[in-house]
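Sequence positions, counted from 1, serve as the residue numbers for this chain.
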Amino acid sequence: MTSWTPGWDAVPEPLLDFWTDRHLCTLTTLRPDGRPHVVPVGVALDLEQECAWVITGSGSRKVRNLLAAGSAGGPVAACQVDGARWATLEGTAVVVHDPASVARACERYAARYRQPRVNPDRVALRITVERIVASRGLV
């Protein structure tokens, strides 16, 4: 296991490839009582805006958990696994509702996965990545 603190202009190529290839992820948020909530999601890195994005519905448990954490957001971990290779983004996520941010998140999601379905209740989670922990060879 190794870790890397983002310098967005110098993401190691194997790590960037791993977060560009299509892999589903899990996202862990904390419930107000401190228990973890883990769900499958798509996560898309955004090198230009130096963050990661998740799109979701405004009423989801993960959104409620982050809103309960306050305006500064809450701690999250987004993990993906492919055989012996794995990587976890650790950071803080905030819920964003503004159309430009949600559109950006959808654009990044579509680039990695597929065009998302129409969802009038969609919001985005903007993850400020503080550290990446990964299997050897990715960082």
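In this structure, CG in D21 is found 7.5 Å from CZ in R112, a value given to the nearest 0.5 Å. Rounded to the nearest 0.5 Å, atoms CD (E90) and OG1 (T128) are 14.0 Å apart. Remark: W19 CH2 to I132 CD1 distance equals 7.5 Å, nearest 0.5 Å. Expressed to the nearest 0.5 Å, how far OG of S60 lies from CG of N65 amounts to 8.0 Å. Atom CG of L125 sits about 11.5 Å away from atom OG of S101, to the nearest 0.5 Å. Interatomic distance, T88 OG1 to Q80 CD, rounded to the nearest 0.5 Å: 9.0 Å.
Closest of all the heavy-atom pairs between A87 and L15 is CB-CD1, 4.2 Å. Between V81 and W86 the shortest heavy-atom distance is CG2-CB, 4.1 Å. Residue A52 comes nearest to L89 through the heavy atom pair CB-CD1, 3.9 Å, listed as atom of the first residue, atom of the second, then distance. Minimum heavy-atom separation, R114 to R117: NH1-N, 4.2 Å. Taking each heavy atom of G74 and A69 in turn, the nearest pair found is CA-CB, 3.8 Å.
Q49 and R126 share a side-chain donor-acceptor pair at under 3.5 Å. Side-chain atoms of T5 and E130 include no donor-acceptor pair closer than 3.5 Å. If you check the side chains of T20 and D17, you find no donor sitting under 3.5 Å from an acceptor.
Considering only heavy atoms from C-beta on, L47 stays 4.5 Å or farther from D9 through its side chain. Looking at H23 and R85, their side chains come closer than 4.5 Å, going by heavy atoms from C-beta outward. Side-chain contact between L30 and P75 is present, with heavy atoms from C-beta onward closer than 4.5 Å. Considering only heavy atoms from C-beta on, T92 stays 4.5 Å or farther from V76 through its side chain.
Using a 4.5 Å cut-off between side-chain heavy atoms of Ile, Leu, Val, Met, Phe, Trp and Tyr, Y113 falls into a hydrophobic cluster with L24, I55, Y109. In the hydrophobic clustering, where aliphatic and aromatic side chains (Ile, Leu, Val, Met, Phe, Trp, Tyr) are joined below 4.5 Å either directly or transitively, V94 groups with W53, V96.
A donor-acceptor contact shorter than 3.5 Å links the side chain of R64 to the backbone of G59.
Of the charged side-chain nitrogens involved, none lies within less than 4.0 Å of a carboxylate oxygen, so that R108 and E48 do not count as a salt-bridged pair.
L66 and V102 fall into different hydrophobic clusters, defined by Ile, Leu, Val, Met, Phe, Trp and Tyr side-chain heavy atoms under 4.5 Å apart, directly or through other members.
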### Task
Evaluate the side-chain contact (heavy atoms from CB on, under 4.5 Å) criterion for residues R122 and S58: first the C-alpha distance (whole Å), next the side-chain angles of each, then the deciding distance (0.1 Å), finally the verdict.
CA-CA 6 Å; R122 178 170 289 130; S58 61; over 6 Å; no
#### Entry: CA sep, side-chain torsions, deciding dist, call: L27, I127, side-chain contact (heavy atoms from CB on, under 4.5 Å)
CA-CA 11 Å; L27 180 73; I127 302 172; 4.2 Å; yes
Going by atom type alone, with no hydrogens or angles, which donor-acceptor pairs under 3.5 Å involve a side-chain atom of residues 36-45 and a protein atom two or more places apart or on another chain?
residue: H37; atom: ND1; partner: R31; partner atom: NH2; Å: 3.4

